[in-house]
Colleague: 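This structure is in structure tokens; I'll ask about it shortly.
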Amino acid sequence: QVQLVESGGGLVQAGGSLRLSCAASGSGFSINRMGWYRQAPGKQRELVATITSSSTTNYADSVKGRFTISRDNAKNMVYLQMNSLKPEDTAVYYCAAESFDKLFRVTSSWGQGTQVTVSS
């Protein structure tokens with residue numbers, strides 16, 4: 001019973017920055033891993049970045065050095081700071097979370113997505 005809501009998307013010029021936020025809500029769960037994925041028109045959804053509960057991060061090669069993922073465990077939120085944006089970054093960005101309940105049953109949840117458009 002985890003709901004994810006993304007925010008912070010928009011239109012930005014190449015070289016600009018955006019900060020995406022994802023809020024997790026619900027009850028009776030704990031989140032052990034969160035991440036961001038993106039999907040451009042006509043392409044498959046791809047991994048952007050992930051972060052564990054201990055703040056270990058992983059990034060796609062295409063965004064290394066430009067994007068930073070972070071989380072606030074107390075607030076059940078994850079963020080994606082995107083700098084030096086390129087037109088190739090244009091996509092719908094989705095927040096994802098892996099959670100478990102009191103019986104340690106693991107489920108994956110997805111947000112509705114937020115549009116990021118980078119102009120040339």
Colleague: Is any side-chain heavy atom of L80 closer than 4.5 Å to one of R19?
Modeller: no

Colleague: Could you tell me which non-hydrogen atom of G35 sits nearest to which non-hydrogen atom of I69, and how far apart they are?
Modeller: CA-CD1, 4.1 Å

Colleague: Would L20 and Y94 show up in the same hydrophobic cluster when neighbours are defined by side-chain heavy atoms closer than 4.5 Å?
Modeller: no

Colleague: List the residues meeting side-chain hydrogen bond (donor to acceptor under 3.5 Å, both in side chains) with N76, not counting sequence neighbours, and say none if there are none.
Modeller: none

Colleague: Are the side chains of R38 and S62 in contact, using a 4.5 Å heavy-atom criterion?
Modeller: yes

Colleague: Which residue pairs pass the ring-ring contact (aromatic ring centres under 6.0 Å, His included) test with at least one member in residues 67-93, sequence neighbours excluded?
Modeller: none

Colleague: I31 and S53: which non-hydrogen atoms are nearest, and at how many Å?
Modeller: O-CB, 4.3 Å

Colleague: Could you work out, with side-chain hydrogen bond (donor to acceptor under 3.5 Å, both in side chains) as the rule, every residue matching E6, not counting sequence neighbours?
Modeller: Q112

Colleague: Does any part of the side chain of I51, heavy atoms only, come nearer than 4.5 Å to the side chain of R33, both counted from C-beta?
Modeller: no

Colleague: Less than 4.5 Å apart, any side-chain heavy atom of M77 and any of C22?
Modeller: no

Colleague: Taking ring-ring contact (aromatic ring centres under 6.0 Å, His included) as the cut-off, I'd like each qualifying pair that reaches into residues 36-64, sequence neighbours left out, listed once.
Modeller: Y37-W110

Colleague: Do R66 side-chain atoms and S84 backbone N/O form a donor-acceptor pair below 3.5 Å?
Modeller: yes

Colleague: Any salt bridge linking K64 with D61? Criterion: basic side-chain nitrogen under 4.0 Å from a carboxylate oxygen.
Modeller: yes

Colleague: Looking at CZ of F29 and OG of S109, how far apart are the two atoms once the value is rounded to the nearest 0.5 Å?
Modeller: 8.5 Å

Colleague: Show the nearest heavy-atom pair for residues L4 and M34, with the distance to one decimal.
Modeller: CD2-CE, 4.5 Å

Colleague: Taking the side chain as every heavy atom from C-beta outward, state whether T57 and T50 have any atom pair closer than 4.5 Å.
Modeller: no

Colleague: Going by heavy atoms in the side chains, are N58 and L47 under 4.5 Å from each other?
Modeller: yes

Colleague: Could you give the side-chain donor-acceptor pairs of residues 113-120 under 3.5 Å, partners two or more places apart or in another chain?
Modeller:
| residue | atom | partner | partner atom | Å |
| --- | --- | --- | --- | --- |
| T114 | OG1 | G9 | N | 3.3 |
| Q115 | NE2 | A91 | O | 3.4 |
| Q115 | NE2 | T117 | OG1 | 3.3 |

Colleague: Holding to side-chain hydrogen bond (donor to acceptor under 3.5 Å, both in side chains), I want the full list of residues that pass it with S17, two or more places apart in sequence or in another chain.
Modeller: N83

